[in-house]
Number of protein chains: 2
Amino acid sequence: MVATSELERAINDRLADHDLRYTSGRRAIVEGLKRAEGPITLPELLECSPDLAQSSAYRNLSLLEGAGVVRRLVHGGEHAHFELAESLTEHHHHLICESCGQVRDITLDAGLERTLDRSFDELAANEGFTPTHHTVDVYGVCGDCTG
Amino acid sequence: MVATSELERAINDRLADHDLRYTSGRRAIVEGLKRAEGPITLPELLECSPDLAQSSAYRNLSLLEGAGVVRRLVHGGEHAHFELAESLTEHHHHLICESCGQVRDITLDAGLERTLDRSFDELAANEGFTPTHHTVDVYGVCGDCTG
DNA sequence: CGACGAATGAGAACCACTCTCCATCGGTGC
DNA sequence: GCACCGATGGAGAGTGGTTCTCATTCGTCG
Ligand SMILES: [Mn+2]
Ligand SMILES: [Mn+2]
Ligand SMILES: [Zn+2]
Ligand SMILES: [Zn+2]
């Protein structure tokens with residue numbers, strides 16, 4: 001799930017499964033998300049690919065989300081953030097700067113992830129809840145904002 | 001931080017610190033949040049206290065949030081959810097139903113919380129990030145929606 | 001080429017939430 | 001009680017990120 005051509009094929013397959021074409025506009029979005037250091041907002045995406053139309057970018061991000069290619073992160077800030085879906089990259093979590101809104105990826109120890117999953121399964125079972133996935137967000141102030 | 005009168009006093013103090021009065025409308029909001037089984041949306045809050053004006057409720061929720069009395073939870077759904085701040089209740093996390101949007105509280109084992117905090121401190125230090133708090137959200141389907 | 005459905009893009013619409021503005025309230029000093 | 005004044009409430013307008021509309025363009029398959 002890491003080699004570029006492999007990733008392109010996986011994306012193509014998921015789009016095909018949803019009767020969607022892998023057009024140049026969609027490819028530009030995926031390229032923008034790949035090039036980014038972490039999750040980015042739509043304005044940031046347009047900045048890096050200025051020939052994308054805003055409405056098309058939003059529409060295609062939603063379609064890509066539905067096809068399991070893109071993940072949307074919604075926090076308190078003004079814009080949602082977008083990144084490639086975990087199934088195309090790897091399971092991870094986020095540092096969120098409460099000052100500038102920047103989001104960065106972090107990866108927890110595999111053992112800790114396993115402990116968390118066990119704990120969630122147990123808690124959820126007690127509530128009649130069927131868990132599918134989880135998110136861990138660490139809020140604070142990033143290095144840029146600390147000065 | 002549990003006895004009702006103690007809680008009322010704490011809320012009063014925090015409001016006073018922010019030059020805000022503990023008025024009947026704000027008390028109604030706090031009562032609604034206390035009565036609720038978990039985090040609720042503004043429409044749910046108005047349903048339970050129909051004489052609140054929407055604009056006043058939103059304004060007072062924001063003021064209460066600023067005063068550290070209320071916490072706002074923002075997920076992907078259409079409405080934000082509101083609950084009493086953790087410093088007035090206790091640190092906990094959330095189950096989120098992806099079908100109906102309902103949010104329920106869960107509490108992790110204290111040892112696991114400590115492990116998480118250590119892990120976050122370490123990860124954040126490597127990134128020049130200063131963590132202040134964290135959230136853990138477990139997504140899935142609730143019992144009501146499973147049938 | 002011709003046809004037809006999918007995709008695009010400019011702008012309108014949506015809607016949760018915030019702001020504006022004025023009436024009212026509540027405390028303070030006289 | 002009364003005048004004053006900042007805080008509060010309520011109705012409605014405004015904001016802005018995101019989604020929808022619809023006419024046009026594109027891709028694909030005969
Ligand atoms: Mn990420
Ligand atoms: Mn909660
Ligand atoms: Zn920052
Ligand atoms: Zn549900």
Side-chain angles (χ1 to χ4, degrees), chain A residues 11-12 14-33 39-47 49-67 69-83 96 100-103, chain B residues 11-33 39-47 49-67 69-83 96 100-101 103:
Chain A
I11 292 174
N12 217 328
R14 287 177 201 205
L15 289 175
D17 285 349
H18 289 76
D19 294 309
L20 295 172
R21 299 179 190 151
Y22 198 6
T23 63
S24 65
R26 290 168 189 170
R27 212 175 296 265
I29 290 175
V30 169
E31 287 306 316
L33 296 181
I40 57 177
T41 64
L42 186 116
E44 289 166 350
L45 178 62
L46 296 189
E47 203 173 325
S49 303
D51 42 349
L52 287 176
Q54 188 192 52
S55 62
S56 300
Y58 269 122
R59 171 164 20 80
N60 282 325
L61 282 166
S62 292
L63 291 171
L64 289 166
E65 185 186 14
V69 174
V70 161
R71 173 151 70 137
R72 181 194 308 248
L73 309 174
V74 180
H75 300 115
E78 14 198 63
H79 294 270
H81 287 248
F82 298 92
E83 64 181 5
I96 301 165
C100 69
Q102 182 191 134
V103 181
Chain B
I11 292 174
N12 218 326
D13 289 352
R14 289 178 199 205
L15 289 175
D17 286 347
H18 292 257
D19 293 309
L20 295 171
R21 299 181 191 146
Y22 198 7
T23 63
S24 63
R26 292 168 188 170
R27 214 175 295 268
I29 289 175
V30 169
E31 288 306 315
L33 296 181
I40 57 176
T41 64
L42 186 117
E44 288 166 351
L45 179 62
L46 295 188
E47 203 172 326
S49 304
D51 41 350
L52 287 177
Q54 187 194 51
S55 61
S56 300
Y58 270 123
R59 171 165 17 83
N60 282 325
L61 281 168
S62 292
L63 290 171
L64 290 166
E65 185 187 14
V69 175
V70 161
R71 172 150 71 138
R72 182 194 306 247
L73 309 175
V74 180
H75 300 115
E78 16 197 61
H79 295 272
H81 287 248
F82 297 91
E83 64 182 3
I96 300 166
C100 69
V103 181

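When reading the values below, keep in mind they use all heavy atoms of this one structure, side chains included, and skip hydrogens, waters and symmetry mates. No experiment lies behind these values; they were computed from the predicted model shown. Reminder, nothing fancy here: chain letters follow the sequence lines and each chain counts from 1.
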Problem - Reading 5' to 3' through nucleotides 4-15 of chain D, protein heavy-atom contacts under 4.0 Å coded B for base, S for sugar-phosphate only, - for none - result: --BSSBBBB---
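Note on A/Arg72: a side-chain N or O is less than 4.0 Å away from OP1 or OP2 of D/dT19. OP1 and OP2 of D/dT19 both lie 4.0 Å or more from every side-chain N or O belonging to A/Tyr58. Look at A/His79 and you won't find any side-chain N or O under 4.0 angstrom from OP1 or OP2 of D/dG16.
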Practice task
Go through the steps for A/Leu52 and A/Asn60 under the test side-chain contact (heavy atoms from CB on, under 4.5 Å), then give the verdict.
Solution key: CA-CA 11 Å; A/Leu52 287 176; A/Asn60 282 325; over 6 Å; no
Short heteroatom pairs, N/O only, protein and nucleotides 22-24 of chain C, under 3.5 Å:
none

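In this view, A/Arg59 satisfies the salt bridge (Lys or Arg N to Asp or Glu O under 4.0 Å) rule with no residue, not counting sequence neighbours. Contacts of B/Ser62 classified as side chain to side chain donor-acceptor pair (under 3.5 Å), with partners at least two apart in sequence or in another chain: B/Arg72.
In the helix from C/dC1-D/dG30 to C/dC30-D/dG1, the terminal helix axes, each the rotation mapping four pairs' C1' atoms onto the next four within five end pairs, subtend 20°, rounded to 10°.
With rounding to the nearest 0.5 Å, the separation of CG in A/Asp51 from OG in A/Ser56 is 11.0 Å. How far CG of B/Leu33 is from NE2 of B/His81: 12.5 Å, rounded to the nearest 0.5 Å. Residue A/Ile11 holds its CD1 atom at 7.5 Å from CG of A/Leu15, rounded to the nearest 0.5 Å. Rounded to the nearest 0.5 angstrom, B/Ile29 CD1 and B/Leu61 CG are separated by 4.5 Å.
Scanning both residues, B/His75 and A/Val74, for their nearest heavy atoms gives O-CG1, 3.2 Å.
Applying the salt bridge (charged side-chain N to carboxylate O under 4.0 Å, His left out) test to every pair with at least one member in residues 24-33 of chain B, sequence neighbours left out, gives these pairs: B/Glu8-B/Arg27, B/Glu31-B/Lys34.
Under the 4.5 Å side-chain criterion, counting only non-hydrogen atoms from C-beta, B/Ile96 is not in contact with B/Leu73. Between B/Leu64 and B/Phe82, every side-chain heavy-atom pair lies at or beyond the 4.5 Å cut-off.
In this structure, A/His75 atom NE2 and D/dG17 atom C1' are separated by 16 Å, rounded to whole Å. What separates CD of B/Glu78 from P of D/dT19 is a distance of 12 Å, to the nearest Å. The interatomic distance linking A/His18 (NE2) with C/dG5 (C1') rounds to 19 Å, in whole Å. Nucleotide C/dA7 holds its C1' atom 15 Å from the CG atom of A/Leu61, rounded to whole Å.
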